[in-house]
S.K.: 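Below is a structure I'd like to ask you about.
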Amino acid sequence: MRTIIEPFRIKSVEPIRMTSTEERKGILVRAGYNLFSIRAEDIIIDLLTDSGVAAMSAEQWAALMRGDESYAGSTSFGRFEAAVKRLMPFKHVIPTHQGRAAESILFALLGGADRLIPSNTHFDTTRANIEATGAIALDLLGAEADEPASDYPFKGNMDVERLEKLLAAEGNRIPCVMMTITNNAGGGQPASLANIKRVAALAHAHDKCFIIDGCRFAENAWFIKQREPGQGDRAVPDIVREIFACADGMTMSAKKDAFANIGGWLALNDDDLAERARTRLILTEGFPTYGGLAGRDLDAIAQGLSEIVDEDYLRYRVRVNEYVLERLIAAGVPVVRPAGGHAVFLDAGAMLPHIPALAYPGQALAVALYEEGGVRGCEIGSVMFGRQPDGGERAARLELVRLAMPRRVYTQSHADYVVETILAVHEKRKTLKGLRVVREPKALRHFTAIFAPLS
Ligand code: F0G
């Protein structure tokens with residue numbers, strides 16, 4: 001069969017409230033043209049994030065009832081720890097309430113003034129947690145990623161030559177090397193197994209630990225199976241285990257590739273580092289067998305981890321993005337190619353060349369998609385990355401709009417509706433205007449900044 005169907009049936013539904021274009025225009029004014037400030041009930045299709053918005057399975061809901069809320073030594077923790085270790089063979093697994101809590105604990109231990117932490121691309125919370133300690137977060141993404149329109153299969157790869165030079169020149173300032181799989185900020189693009197192993201080997205040759213931000217590990221493993229020579233016959237869980245076996249630790253948001261609505265973890269092999277991490281955990285999150293979560297959340301994650309590596313699910317998951325992308329490419333809409341694991345990325349810089357980077361073409365496009373069809377996406381460009389630690393402003397590498405797909409939530413007709421909305425905005429792209437910032441906070445401005453359209 002050519003049609004790849006959702007490999008699930010729907011048992012429980014949530015209504016979508018329909019709104020008119022006129023209504024949405026008023027909503028945008030009241031939200032200061034920041035889509036984070038719009039109420040969920042005013043959104044028709046919410047593609048702001050794929051984080052914490054998955055539909056849980058019947059088995060996950062059943063697992064919630066098994067949750068053991070004991071303060072210490074909960075049996076839910078045992079099931080959670082075993083599920084993580086089945087895929088990621090780390091010695092210590094430390095639960096946290098979400099991914100950034102794991103980052104905050106890790107970088108409180110490894111960061112500090114003058115340190116350098118290289119990665120393919122740090123996600124914004126990772127970068128912020130590193131910079132909050134006075135350290136510098138460096139992105140060493142391979143040059144292939146600079147060409148949104150090329151179909152290079154592993155645009156999440158680290159530039160190993162630059163990493164090697166950096167380790168040789170600044171090794172004493174580098175506590176660890178990181179990789180984000182898939183590379184969220186760069187288009188949901190995967191890193192190859194060969195690249196991950198090469199980076200691990202380089203880090204280890206310089207006595208540095210290698211840490212993986214594994215938020216979307218299953219999608220990355222699926223791409224390895226699909227795209228990397230020699231990997232096609234392997235089971236996804238085997239690829240996952242090989243990825244993590246070459247790392248010394250990982251940070252994880254269970255809100256992505258664990259089908260959970262909340263949760264995360266920090267995993268480490270080093271006993272001393274793990275002990276210090278657990279001490280910080282007790283200060284900020286909770287006892288090491290619950291780490292800021294309810295026991296039932298740990299059970300939902302444990303069950304989710306067994307479902308996320310299912311190949312029927314992963315095939316459907318990636319196929320939806322490919323389908324949307326194929327239709328956009330056919331209509332000449334500039335996009336990041338190939339399709340990402342968790343999202344479709346529109347190239348707002350290429351679509352709106354008349355809007356300069358610091359008039360925020362990505363934000364302008366995201367606002368237009370909401371006004372046109374009530375579709376909420378997220379700018380990943382100069383609004384998110386433009387403000388520099390020294391207070392200055394600099395254009396981001398790319399001006400993108402991310403349409404992130406919640407896991408198991410929307411159907412094929414929702415995907416068609418999203419395509420129709422994008423095509424309608426693309427038709428009138430020349431009439432779109434840039435925006436200016438009216439007010440913004442000191443850090444992570446994209447969440448709360450207020451904008452006004454330029455006339
Ligand atoms: N790392 C990556 C690659 C992420 O995408 C995120 C979150 C985090 C870390 C932090 O995890 O939200 O559980 O604290 N990304 C979400 C997104 C917010 O929309 O992409 P968290």
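The structure displayed is predicted, hence computed values, not measured ones. Whatever order the structure lists them in is the order used to number ligands and atoms, beginning at 1.
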S.K.: Only one of Glu6, Glu219, Glu322 passes salt bridge (charged side-chain N to carboxylate O under 4.0 Å, His left out) with Arg317; say which it is.
M.R.: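 Result for salt bridge (charged side-chain N to carboxylate O under 4.0 Å, His left out) with Arg317: Glu219.
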S.K.: Is it the side chain (CB and beyond), the backbone, both or neither of Lys255 that lies under 4.0 Å from ligand 1, heavy atoms counted?
M.R.: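 Under 4.0 Å from ligand 1, Lys255 contributes side-chain atoms alone.
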S.K.: For atom 21 (P) of ligand 1, what's the nearest protein heavy atom and its distance?
M.R.: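 Result for atom 21 (P) of ligand 1: Gln98 NE2, 3.3 Å.
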S.K.: May I ask whether Gly264 has any heavy atom positioned less than 4.0 angstrom from an atom of ligand 1?
M.R.: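 Heavy atoms of Gly264 never come under 4.0 Å of ligand 1.
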S.K.: Quick check for you: to the nearest 0.5 Å, what is the distance between Leu346 atom CG and Leu325 atom CG?
M.R.: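 Those atoms lie 9.0 Å apart.
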S.K.: Within a strict 4.5 Å, meaning less than it, do heavy atoms of the Lys225 and Arg234 side chains meet?
M.R.: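 Heavy-atom side-chain distance check fails, nothing below 4.5 Å.
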S.K.: Report the nearest protein non-hydrogen atom to atom 5 (O) of ligand 1: residue, atom name, distance rounded to 0.1 Å.
M.R.: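 For atom 5 (O) of ligand 1, the nearest protein heavy atom is Asn184 ND2, 2.7 Å.
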S.K.: Does Thr180, backbone or side chain, put an N or O under 3.5 Å from an N or O of ligand 1?
M.R.: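 Between Thr180 and ligand 1 (N or O atoms, distance only) the closest approach is not under 3.5 Å.
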S.K.: Under a 4.0 Å heavy-atom limit, does Met252 contact ligand 1 with its side chain, its backbone, both, or neither?
M.R.: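 Neither; nothing of Met252 gets under 4.0 Å from ligand 1.
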S.K.: What atoms of ligand 1 come closer than 4.0 angstrom to any heavy atom of Glu103?
M.R.: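 Answer, ordered by atom number: 1 (N), 8 (C), 9 (C), 10 (C).
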S.K.: Nearest 0.5 angstrom please: Asp213 CG to Asn184 CG, how far?
M.R.: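 Here the rounded value is 8.5 Å.
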S.K.: Any heavy atom of Arg216 sitting closer than 4.0 Å to ligand 1?
M.R.: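 Within the 4.0 Å threshold, so yes.
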S.K.: Based purely on interatomic distance, does Thr125 place a nitrogen or oxygen under 3.5 Å from a nitrogen or oxygen of ligand 1?
M.R.: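 N/O-N/O distance below 3.5 Å does not exist for this pair.
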S.K.: Which of the numbered atoms in ligand 1 are under 4.0 angstrom from any heavy atom belonging to Gly99?
M.R.: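 Selected atoms, number and element: 11 (O), 13 (O), 14 (O), 21 (P).
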S.K.: For atom 15 (N) of ligand 1, what's the nearest protein heavy atom and its distance?
M.R.: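 The protein heavy atom lying closest is Lys256 NZ, 3.0 Å.
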S.K.: Going by distance only, is there an N or O of Asp213 that falls short of 3.5 Å from an N or O of ligand 1?
M.R.: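 Yes, at least one N or O pair falls under 3.5 Å.
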S.K.: Name the orientation class of the two ring planes belonging to Phe287 and Tyr71 (parallel below 30°, tilted from 30 to 60°, perpendicular beyond 60°).
M.R.: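 Taking Tyr71 first and then Phe287, their aromatic rings sit tilted (interplane angle of 30° to 60°).
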S.K.: Flag the pair Val53 / Asp46 as yes when at least one side-chain heavy-atom distance between them is below 4.5 Å, and no otherwise.
M.R.: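 Of all side-chain heavy-atom pairs linking Asp46 with Val53, none is under 4.5 Å.
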S.K.: So, is the end of the Arg408 side chain (NZ or CZ) under 6.0 Å from the ring centre of Phe259 and within 45° of the ring's axis?
M.R.: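 Yes, a cation-pi geometry holds between Arg408 and Phe259.
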S.K.: Indicate yes or no: at least one non-hydrogen side-chain atom of His446 is less than 4.5 angstrom from one of Gln363.
M.R.: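 Not touching, per the 4.5 Å side-chain cut-off.
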S.K.: Assign the ring pair Phe80 / Phe77 to parallel, tilted or perpendicular, where the plane angle (0 to 90°) is split at 30° and 60°.
M.R.: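 The arrangement is tilted - the two ring planes meet at 30° to 60°.
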S.K.: If you have a sec, work out which protein heavy atom is nearest atom 12 (O) of ligand 1 and how many Å separate them, to one decimal?
M.R.: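 Result for atom 12 (O) of ligand 1: Arg100 NH2, 2.8 Å.
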